[in-house]
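This report concerns only the one structure given below.
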Amino acid sequence: MARQYVPAEIEVKWQKKWQENQAHKTVEATDKPKFYCLEQFPYPSGRLHMGHMRVYSIGDIIARFKRMSGYQVLHPMGWDAFGLPAENAAVKFGAQPAKWTYENIDFMKEQQNRLGVSIDWYREVATCSPDYYKWTQWLFLKFYEHGLAYRKRAFVNWCPECSTVLANEQVINGLCWRCDSEVTKKDLEQWFLKITDYAERLLNDLDKLPHWPEKVRTMQRNWIGKSEGAHVTFTVPELQDEAITVFTTRPDTLYGVSYMVLAPEHPLVAKLIEGKPQEAQVRAFVDEIKKESEIARTATDAEKVGHFTGAYAKHPLTGEQVPIWVANYVLLDYGTGAVMGVPAHDERDFEFAKKYDLPIKVVINPLDPEMLAEEVGVEEAFTEDGTLINSGDFDGMPNRDAIKAISKFLEEQGKGGGTVSYRLRDWLISRQRYWGAPIPMIYCDSCGVVPVPYEQLPVLLPEDVVIDGKRNPLTSSESYVNTACPTCGGHARRETDTMDTFIDSSWYYLRYTDPNNTELPFSKENADKWMQVDEYIGGIEHAILHLLYSRFFTKVLYDIGMVKYDEPFRSLLTQGMVLKEGAKMSKSKGNVVSPDEIIEKYGADTGRLFILFAAPPERDLDWTDTGVEGSYRFLHRVWRLVDGHAGLFEGNAAAPDTADEAAKDLYRMTHYAIKKVSEDIGERYAFNTAISTIMELVNKLYTYPETADRGTLVYALRTLIVLLAPIVPHIAEELWQLIGNKDSVHEQTWPAYDPQALVLDEVEIAIQINGKVRDKLVVPNGLSKEELEAHVVNHEKTAGLIEGKTIRKVIAVPGKLVNIVVG
RNA sequence: GCCGGUAUGGCGGAAUUGGCAGACGCGCGCGACUCAAAAUCGUGAGGGAAACCGUGGGGGUUCAAGUCCCUCUACCGGCACCA
């Protein structure tokens, strides 16, 4: 009796069974190699979308494949559960952030289970749980203890819509990463983590990550933005030789300085203009610039505007008077917030000098004799290499050498020296929001800033708060704010900011290794056992943010001896977006396909199969309904194939006997499929071609003659089901039972291929004349170069092709072709 | 401006080490089954009448190039008044 393939029935059945059997609980077997497979944990927004389904399909095929291949696999899941949407829901519907979050988690967990993913839920973590954020706070204190967390007053990014400050990484083109509002600047005292201390290692160690996409590594390099140059200290005689230090990448042009420029926010500006005729004008200009948005301020096409302060600095080498200006194009938070102006050899300085009629002094002589030094700096800045002129003792030196020589000289004179500047800024982690881990710090009137003692953790989020989307909710809780100083016992106030949620996600992969530890965030033993994450799968949108922060955290934890690796993710797979009709799925475009509707209509297996088959994982995937239908059709095809031959498996099925040609061919195809699927899933992550190979095997099985050997057929069908198991776990399990097995297909050992089975008796080779294919010829396999050459050259087919021509050369490639060059 | 990536039939894609371009699937055509349709099974096709031409354009290396080298273009992404 033929049975129908009804995904809805079998999928729920097996999901229940796996749950009952704790089939996905991590099995710790010390005799097996470990594999840590991790998908970026989701934010519990309320509902899974296709991007989620894609990332879990990819993660699950890898996890299941590795399990069957003899690894002990860690494949956990959790929730990046702190964040603003929970608070927005509180403002909008009056929902409790905690309740709202946990309801979403329950719902989404259910959805994940319907995908049939093999997640070890016994290790689930939620960053909003006190059991978790206790350790986030603990880690913050460790950073503080090691001088890596500090408080400072600074002009920081402020999102008016989210009513909170943002880290530099969270400002995308001047807009808030979350809500796209225009970011403004605020002068606030905030907590920072000293990620800049790690800039050099974060940059250099990218070279230790060959299994990361080049794209991500490039993005991180750009973000860190290393720039080598020198500090040069100018003094201001009228201010008792107060120093102004500039950063430059071109110390070789130092003799060409004709002015210097400070950022409008530079702390010295007020002193310099005091009592000068320019004072009012400069002050007005500075105020105007401070009001400008980040976008307007950093636009490349913005016009350069500046004002003379009325003050002069002394050139460190020539002693000349150098006028000091302020201008909009100099940024306070890069380098030193002050630059030297060398109009002859810098395009921006040239433009500025022309506009304000400042002197242009040429100090580099072009190498190209066609170009005269007199012409330099007349029409445009000369930024190429050359030799120094008008530069005192350095005259005649090639400018590349002068960069080093002048740096060295400055250092000897105590007037600067070689240095490195980074674009990367320290990580601002304070957030004026409720739904995050409280920063465990206390301000005492007499003792100052006091960390909360470790034994008093966690600092719990209070519930008597007002969440109105405007003010910082924690300030509204009297019981929270007022506390006793841990040092003197006197009255003190708690820090009311919470931590950036990116801190929560910077260490969650370590918590999975030891999720129930009540003494520490994780034990070194467990972390060292499972780390590094062998395959980390997620979207490119975290290329800088989460991935840079996690690397930073891991390096700090490495330095303080908590882990043995200084990079968290050995290999990174950035999956592409899911598109429909060439556009990203979105409600406004009305092109959204939800995992739920796919599961309901076709089953999770069809959805997984389509996602893995339609495109390689790192590329964007265009969702097509006909493509999904095709995957569904394929699973039916497999079902009918196995169901139609179920009778063969009763009793003692025969062993393969490859005496007849068809059996031999099927046996070869089966082993080819084992080889190809193993390599494609295990090594190349080319799931699409793994599936296409399985399809070829199925096609072969459909044309297998009724009269050919049954043992080979049985063997091929069994293998087919095993190969399908990591991809479509439910139907594979059902078919495995259908052919009479009592155990689970997922507990089977992944098959090894027999190289002997792949050897063909005969191969078809191409006969090429002058590199063009002219005919095909079937020849015995295993011929040597010489034998093959002789065989083909003497063959009658060849005779016709080269008639009347002279053979000049013959290239024989066994198994592939013979190319005859004729003249 | 600097850096990185991508470019192959009508479409998604394959070709892993320089060796027969277009596997597999979608869509399409034809046939079988059916009174008919759906489903299913089978089958066909890069373009061109052909010689030939074909992997974004041009050049090169090689017996042989989607693959290597040079150069240009387009698109996607990161950084960018960064001194």
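Small disclaimer: the values here were computed from a predicted structure and weren't measured. So that the names make sense, note that chain A is the first sequence line, chain B the second, and so on, each numbered from 1.
The residues E169(A) and R425(A) are annotated as not salt-bridged, no charged nitrogen and carboxylate oxygen being separated by less than 4.0 angstrom.
Across all strands, G225(A) comes closer than 4.0 Å to no nucleic acid atom at all (heavy-atom distances). Heavy atoms of D349(A) sit nowhere under 4.0 angstrom from any nucleic acid atom.
In this structure a side-chain-to-backbone donor-acceptor pair under 3.5 Å is present from D349(A) to V342(A). In this structure, D620(A) contributes its side chain and M577(A) its backbone to a donor-acceptor pair below 3.5 Å. Using modelled atom types, no side-chain atom of Y632(A) and backbone atom of G627(A) make a donor-acceptor pair closer than 3.5 Å.
Heavy-atom contacts from other residues, nucleotides or ligands closer than 6.0 Å to NZ of K601(A) number 12 or fewer. In the displayed structure, K785(A) atom NZ is contacted under 6.0 Å by at most 12 heavy atoms of other residues, nucleotides or ligands.
Remark: C1' of rA80(B) and CG of N328(A) are 16 Å apart, rounded to the nearest angstrom. Atom C1' of nucleotide rA39(B) and atom CG of L635(A) are separated by 16 Å, given to the nearest angstrom. The distance from atom CG of D620(A) to atom C1' of rC11(B) is 16 Å, rounded to the nearest whole Å. Atom CD1 in I540(A) sits roughly 10 Å away from atom C1' in rG5(B) (whole-Å rounding). R633(A) has its CZ atom 13 Å from the P atom of rA38(B), to the nearest Å. A straight line from CZ of F610(A) to P of rG25(B) spans 15 Å, rounded to a whole angstrom. R348(A) places its CZ atom 7 Å from the C1' atom of rC82(B), with the value rounded to the nearest Å. For the pair R640(A) CZ and rC41(B) C1', the interatomic distance rounds to 9 Å; values are reported in whole Å.
Residues passing the side-chain hydrogen bond (donor to acceptor under 3.5 Å, both in side chains) test with H795(A): none are found, sequence neighbours excluded. Taking V818(A) as the reference, I765(A), L788(A), V792(A), V810(A), A812(A), I820(A) meet the side chain to side chain contact (heavy atoms under 4.5 Å, CB included) condition, with sequence neighbours excluded. With sequence neighbours left out, F247(A) forms a ring-ring contact (aromatic ring centres under 6.0 Å, His included) with no residue at all. K208(A) pairs by the side-chain hydrogen bond (donor to acceptor under 3.5 Å, both in side chains) definition with D566(A), not counting sequence neighbours. Looking at residues two or more places apart in sequence or on another chain, you find a ring-ring contact (aromatic ring centres under 6.0 Å, His included) between Y685(A) and F687(A). Applying the ring-ring contact (aromatic ring centres under 6.0 Å, His included) test to W177(A) and every residue at least two apart in sequence or in another chain returns F502(A). Looking at residues two or more places apart in sequence or on another chain, you find a side chain to side chain contact (heavy atoms under 4.5 Å, CB included) between M585(A) and M50(A), V578(A), K580(A), N591(A), V592(A), V593(A), W623(A).
When each of V330(A) and A615(A) is assigned the nucleotide of RNA chain B bearing its nearest heavy atom, the one mapping closer to the 5' terminus is A615(A). With the nearest nucleotide of RNA chain B identified for both T703(A) and Q220(A), T703(A) has the one nearer the 5' end.
Taking atom C1' in both rG22(B) and rC3(B), the straight-line distance is 34 Å, to the nearest Å. Taking atom P in both rG12(B) and rG56(B), one finds a spacing of 14 Å when rounded to whole Å. rC2(B) and rG10(B) have their P atoms separated by 36 Å, given to the nearest Å. Nucleotides rU40(B) and rG4(B), compared at atom C1', are 49 Å apart to the nearest Å. Across the P atoms, rA50(B) and rU6(B) are found 36 Å apart, a figure rounded to whole Å. The P atoms of rG29(B) and rG77(B) are separated by 37 Å, rounded to the nearest whole Å. Spacing between rU55(B) and rG13(B) at atom C1', rounded to whole Å, works out to 13 Å. Rounded to the nearest Å, the gap between the P atom of rG27(B) and that of rU73(B) is 40 Å.
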N/O contacts under 3.5 Å, protein versus nucleotides 14-17 of chain B?
{"unit_1": "rA14(B)", "atom_1": "OP1", "unit_2": "N688(A)", "atom_2": "ND2", "d": "3.1"}
{"unit_1": "rA14(B)", "atom_1": "OP2", "unit_2": "R619(A)", "atom_2": "NH2", "d": "3.2"}
{"unit_1": "rA15(B)", "atom_1": "OP1", "unit_2": "R684(A)", "atom_2": "NH1", "d": "3.3"}
{"unit_1": "rA15(B)", "atom_1": "OP1", "unit_2": "R684(A)", "atom_2": "NH2", "d": "3.0"}
{"unit_1": "rU16(B)", "atom_1": "O4", "unit_2": "K676(A)", "atom_2": "NZ", "d": "2.3"}

Distances under 3.5 Å between nitrogen or oxygen atoms of protein and nucleotides 61-70 of chain B:
{"unit_1": "rC63(B)", "atom_1": "OP1", "unit_2": "K809(A)", "atom_2": "NZ", "d": "3.4"}
{"unit_1": "rC63(B)", "atom_1": "O2'", "unit_2": "N819(A)", "atom_2": "ND2", "d": "3.0"}
{"unit_1": "rC63(B)", "atom_1": "O2", "unit_2": "N819(A)", "atom_2": "ND2", "d": "2.7"}

Taking only N/O atoms, report every protein-nucleotides 46-53 of chain B pair under 3.5 Å with atom names and distance.
{"unit_1": "rC53(B)", "atom_1": "OP2", "unit_2": "K772(A)", "atom_2": "NZ", "d": "3.1"}

Item to complete: Carefully, step by step, assess Q575(A) and R619(A) under the rule side-chain hydrogen bond (donor to acceptor under 3.5 Å, both in side chains).
Response: CA-CA 7 Å; Q575(A) 104 265 14; R619(A) 266 204 237 184; over 6 Å; no
Exercise answer: donor-acceptor pairs, residues 225-232 of chain A side-chain atoms, under 3.5 Å, sequence neighbours excluded:
{"unit_1": "K226(A)", "atom_1": "NZ", "unit_2": "E200(A)", "atom_2": "OE1", "d": "3.2"}
{"unit_1": "K226(A)", "atom_1": "NZ", "unit_2": "E200(A)", "atom_2": "OE2", "d": "2.8"}

Annotated structure of RNA chain B as dot-bracket, pair cut-off 3.5 Å, Watson-Crick or G-U only, | for inter-strand, is (((((((..(((......[....))).(((((.......))))).((....))..(((((..]....))))))))))))....
